[in-house]
Amino acid sequence: MNRWCKVVVVDDSAFMRMVITRMLKEDPEIEVVGTASNGFEAIEIVKTHRPSVVTLDVEMPEMDGLTALERIMKECPTPVIMVSALTKEGAEITLKALQLGAVDFIAKPSGSISLDFHKVKDELVSKVKAAAKAKLRPLLTPPITLRQEKLTTYKFKDWAVVVIAASTGGPAAIRYVLSQLPHDLPAAVLLVQHMPRGFTKFFADNLNQVSRLPVHEAQDGEEIMPGKAYLAPSGFHMLVERGDRLSLDLSPPLHNVRPAADKTFDSAAHVYGKRCIGVVMTGMGSDGAVGLLTVREHGGRTMVQSPETCVISSMPESALKLNAAEESVPLELLPKRLGELIQETLSSQRTTGTKVLR
């Protein structure tokens with residue numbers, strides 16, 4: 001079989017370089033064309049070999065992963081997967097890397113040198129192949145939020161519930177969308193972003209840097225309120241229950257992920273009906289497609305991020321194939337259109353068919 005996916009492996013640990021290289025080489029479609037122990041070497045090897053993907057360690061001497069990433073994206077744009085330790089510092093740096101253009105990340109199971117890295121072999125291979133097909137797009141930089149706007153509590157007679165699903169490419173895209181929404185939004189926002197355990201708490205903190213809506217990890221049994229955003233914790237399905245409550249569920253993964261957006265969409269559709277708005281954004285796989293169709297069948301409004309503006313487009317494409325989405329909207333226009341849909345929902349203005357915004 002043709003080894004079409006060319007990879008450069010960058011890690012300051014010789015052991016980790018060997019392990020990652022060996023795992024990748026075992027796949028018949030992947031070829032490791034070079035390795036590097038620091039950022040300086042990585043940049044030169046990327047320029048020389050022009051790989052399909054770079055796996056890039058976060059913590060390295062001489063030039064760290066963030067600096068190397070910025071240089072690679074500027075001098076030789078290439079899909080990059082960050083390889084990060086499951087630590088507070090590692091998570092914060094990784095989220096920063098995703099803002100700077102990294103396509104995705106792999107969490108080392110047990111620190112900088114992970115003797116059990118084999119546990120994430122399947123995830124590594126699938127993400128490398130997906131990244132090789134990713135679209136690199138100009139970054140949309142959200143403004144820094146004025147923190148005082150979050151201090152006011154708004155009371156709404158009528159309000160909607162927005163469910164947003166994303167995977168690969170999602171952290172940066174969700175960050176942009178939340179940065180554009182007003183602090184007095186007459187809707188609650190439920191976020192389902194596929195992430196490994198330990199990262200969603202830091203992602204919520206990261207979103208709070210730009211979101212006018214307060215964002216936090218959802219808690220079991222808490223009340224859903226408009227003007228707030230709730231992030232599904234990694235390792236739990238986030239369900240909506242009658243009485244405007246959230247439930248965290250430990251039932252088996254769906255589509256190999258937990259949280260699964262299909263679970264959240266389905267429960268929200270049954271509880272909120274016409275007041276539910278579903279959005280499927282960039283991501284690998286098909287999670288969210290069936291759930292989005294359920295939202296539409298229950299009278300809710302539905303849209304996807306237009307595939308051409310996604311880093312990985314298979315999630316929205318899956319929803320479009322099921323005719324689950326009324327509209328396909330570019331990322332740049334998505335926050336504005338979402339606000340309009342909320343207003344239309346609350347004023348009972350209905351449209352039919354599928355729109356494609358340009």
Side-chain angles (χ1 to χ4, degrees), residues 4-5 50-54 69 72-74 76-81 97-105 126-142 162-181 191-194 255 257 261-262 265 277-293 295-296 301-341 351-358:
W4 58 270
C5 184
R50 300 284 172 163
S52 313
V53 183
V54 177
L69 172 66
I72 289 171
M73 300 310 293
K74 181 179 180 180
C76 189
T78 306
V80 173
I81 293 179
L98 296 174
Q99 293 167 217
L100 294 174
V103 171
D104 209 336
F105 70 98
S126 64
K127 286 188 174 182
V128 163
K129 287 183 177 180
K133 300 176 181 178
K135 305 183 189 80
L136 298 182
R137 305 185 67 248
L139 299 176
L140 297 173
T141 305
V162 177
V163 182
I164 298 177
S167 186
T168 312
I174 288 175
R175 200 169 191 265
Y176 171 73
V177 170
L178 286 190
S179 77
Q180 305 300 302
L181 298 178
L191 303 169
V192 181
Q193 166 67 52
H194 299 156
H255 313 297
V257 293
D262 273 338
F265 279 134
I277 299 169
V279 185
V280 172
M281 299 181 66
T282 176
M284 179 171 60
S286 62
D287 185 31
V290 173
L292 195 71
L293 181 60
V295 173
R296 188 171 190 180
R301 307 301 298 270
T302 60
M303 66 175 168
V304 296
Q305 179 183 344
S306 58
E308 62 270 19
T309 68
C310 293
V311 174
I312 301 289
S313 58
S314 55
M315 275 177 58
E317 285 173 346
S318 296
L320 289 169
K321 287 177 183 177
L322 287 183
N323 196 31
E326 295 175 277
E327 304 181 21
S328 177
V329 184
L331 178 59
E332 293 83 350
L333 301 179
L334 203 152
K336 180 176 183 292
R337 184 57 186 145
L338 181 56
E340 292 170 350
L341 277 186
T351 60
T352 59
T354 299
K355 299 178 183 178
V356 178
L357 302 188
R358 302 292 184 190

Results of side-chain contact (heavy atoms from CB on, under 4.5 Å) for Pro79 - residues two or more places apart only
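Partners of Pro79 by the side-chain contact (heavy atoms from CB on, under 4.5 Å) criterion, ordered by chain and then number, come out as Val103, Ala131, Leu136.
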Contacts of type side-chain contact (heavy atoms from CB on, under 4.5 Å), residue Leu100, not counting sequence neighbours:
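By the side-chain contact (heavy atoms from CB on, under 4.5 Å) rule, Leu100 matches Leu66, Leu69, Glu70, Lys96.
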Apply side-chain contact (heavy atoms from CB on, under 4.5 Å) to Leu331 and Met281, showing your working.
CA-CA 9 Å; Leu331 178 59; Met281 299 181 66; 3.8 Å; yes
Mind checking the CD-CE spacing from Glu327 to Met303? Nearest 0.5 Å is all I need.
7.0 Å
Report the distance from atom CZ of Arg175 to atom CD of Gln99, rounding to the nearest 0.5 Å.
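Result: 3.5 Å between the selected atoms.
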Just list the side-chain donor-acceptor pairs under 3.5 Å for residues 314-322, sequence neighbours left out, or say none.
{"from": "Ser314", "atom 1": "OG", "to": "Gly283", "atom 2": "O", "distance (Å)": "3.0"}
{"from": "Ser314", "atom 1": "OG", "to": "Gly285", "atom 2": "N", "distance (Å)": "2.8"}
{"from": "Ser314", "atom 1": "OG", "to": "Gly285", "atom 2": "O", "distance (Å)": "3.4"}
{"from": "Glu317", "atom 1": "OE1", "to": "Ser313", "atom 2": "OG", "distance (Å)": "3.4"}
{"from": "Glu317", "atom 1": "OE2", "to": "Ser313", "atom 2": "OG", "distance (Å)": "3.0"}
{"from": "Ser318", "atom 1": "OG", "to": "Ser314", "atom 2": "O", "distance (Å)": "2.8"}

Taking only residues two or more places apart in sequence or in another chain, which ones pass side-chain hydrogen bond (donor to acceptor under 3.5 Å, both in side chains) with Lys336?
Glu340
For Ser167, enumerate each residue passing the side-chain hydrogen bond (donor to acceptor under 3.5 Å, both in side chains) test, keeping only those at least two apart in sequence or located in another chain.
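Result, side-chain hydrogen bond (donor to acceptor under 3.5 Å, both in side chains) vs Ser167: His194.
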Could you check whether any side-chain N or O of [X] sits under 3.5 Å from a backbone N or O of [Y], counting only pairs where one atom can act as donor and the other as acceptor?
X      : Y      : result
Glu326 : Thr302 : yes
Ser306 : Ser328 : no
Thr282 : Ile312 : yes
Asp262 : Gly291 : yes

Write out all pairs satisfying side-chain hydrogen bond (donor to acceptor under 3.5 Å, both in side chains) with one or both partners inside residues 128-137, taking only residues at least two apart or from two chains.
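Qualifying pairs, neighbours excluded: Asp27-Lys129, Glu29-Lys129, Arg137-Glu332.
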